[in-house]
Amino acid sequence: MTVIVLTNCPVGLRGFLTRWLLEISPGVFLGAPSTRIRDLLWTEVRTYAGQGRALLAYQTDNEQGYAFETHDHTWHPTDHEGLTLIHRPTARVPRAESPGSPGSPTVDVPRQGWSKASKRRRFGGGR
């Protein structure tokens with residue numbers, strides 16, 4: 001099984017992929033091509049994606065049962081003790097300089113979520 005997800009890619013590339021894969025949603029392609037065809041399709045996607053992003057996920061014989069590749073994406077696959085995980089970069093903001101500290105170090109800021117606590121804090125709801 002192979003899944004290719006395109007974001008902000010040319011329409012011609014989508015038409016090209018529909019020759020071998022089924023487009024189940026705009027930009028989401030699904031099919032079961034051979035390994036050779038999958039590699040050729042991925043090469044074409046990387047060549048003609050332009051300013052867009054692409055993600056390829058396919059079934060393989062490893063501990064996870066699948067593998068994936070990315071093209072022009074901020075999230076990158078990383079190997080962690082034999083498992084492939086997605087590395088999501090965090091937002092970095094400059095820390096306010098205190099007197100006597102050289103340079104401007106940066107701090108990782110956690111992303112704001114939509115947990116119940118976050119909703120209460122944002123909208124002032126309480127019990």
Subject >> Y48-L21 co-clustered via ILVMFWY side chain contacts under 4.5 Å >> reply: yes

Subject >> Y66 backbone acceptor or donor facing N62 side chain under 3.5 Å >> reply: yes

Original post:
Side-chain heavy atoms under 4.5 angstrom apart, residues restricted to Ile, Leu, Val, Met, Phe, Trp, Tyr: same cluster for L13 and V28?
Top reply: no

**OP:** Over all heavy atoms of both residues, which pair between H76 and T74 is shortest? Give the atoms and the distance, please.
**Re:** CD2-O, 3.4 Å

Original post:
Are F68 and I4 connected in a single hydrophobic cluster, I mean Ile/Leu/Val/Met/Phe/Trp/Tyr linked by side-chain heavy atoms less than 4.5 Å apart?
Top reply: no

Subject >> Backbone of R14 reached by a side-chain donor or acceptor of E23 within 3.5 Å >> reply: no

Original post:
Looking at CZ of R46 and OG1 of T70, how far apart are the two atoms once the value is rounded to the nearest 0.5 Å?
Top reply: 8.5 Å

Original post:
How far does NE2 of H71 sit from CG of L55, to the nearest 0.5 angstrom?
Top reply: 12.0 Å

Subject >> Rounded distance [0.5 Å steps], CD in E69 versus OH in Y58 >> reply: 4.5 Å

**OP:** With rounding to the nearest 0.5 Å, note down the distance linking CG in L41 to CZ in R19.
**Re:** 10.0 Å

Subject >> Distance, nearest 0.5 Å, that separates CD of E44 from CH2 of W20 >> reply: 8.0 Å

Original post:
Which one of I24, V5, L6, V45 satisfies the side chain to side chain contact (heavy atoms under 4.5 Å, CB included) criterion with F29?
Top reply: L6

Subject >> Gap between atom NE2 of H80 and atom CD1 of I86 - 0.5 Å precision >> reply: 14.5 Å

Original post:
Stepwise, does the side-chain contact (heavy atoms from CB on, under 4.5 Å) test hold for R38 with L56?
Top reply: CA-CA 9 Å; R38 181 189 69 224; L56 168 70; 4.3 Å; yes

Subject >> Exercise: identify the closest heavy-atom pair between A49 and P10 >> reply: O-CD, 3.5 Å

Original post:
Should we say atom CD of Q64 is surrounded by more than 12 heavy atoms from elsewhere, each under 6.0 Å from it?
Top reply: yes

Original post:
Where is the tightest heavy-atom contact between P33 and G31, given as atom of each residue plus distance?
Top reply: CD-C, 3.4 Å

**OP:** Kindly indicate, with the supporting measurements, whether the criterion side-chain contact (heavy atoms from CB on, under 4.5 Å) is fulfilled by L30 and M1.
**Re:** CA-CA 7 Å; L30 180 68; M1 184 64 60; 3.2 Å; yes

**OP:** For residues G52 and C9, report the shortest heavy-atom separation together with the two atoms involved.
**Re:** CA-SG, 3.9 Å

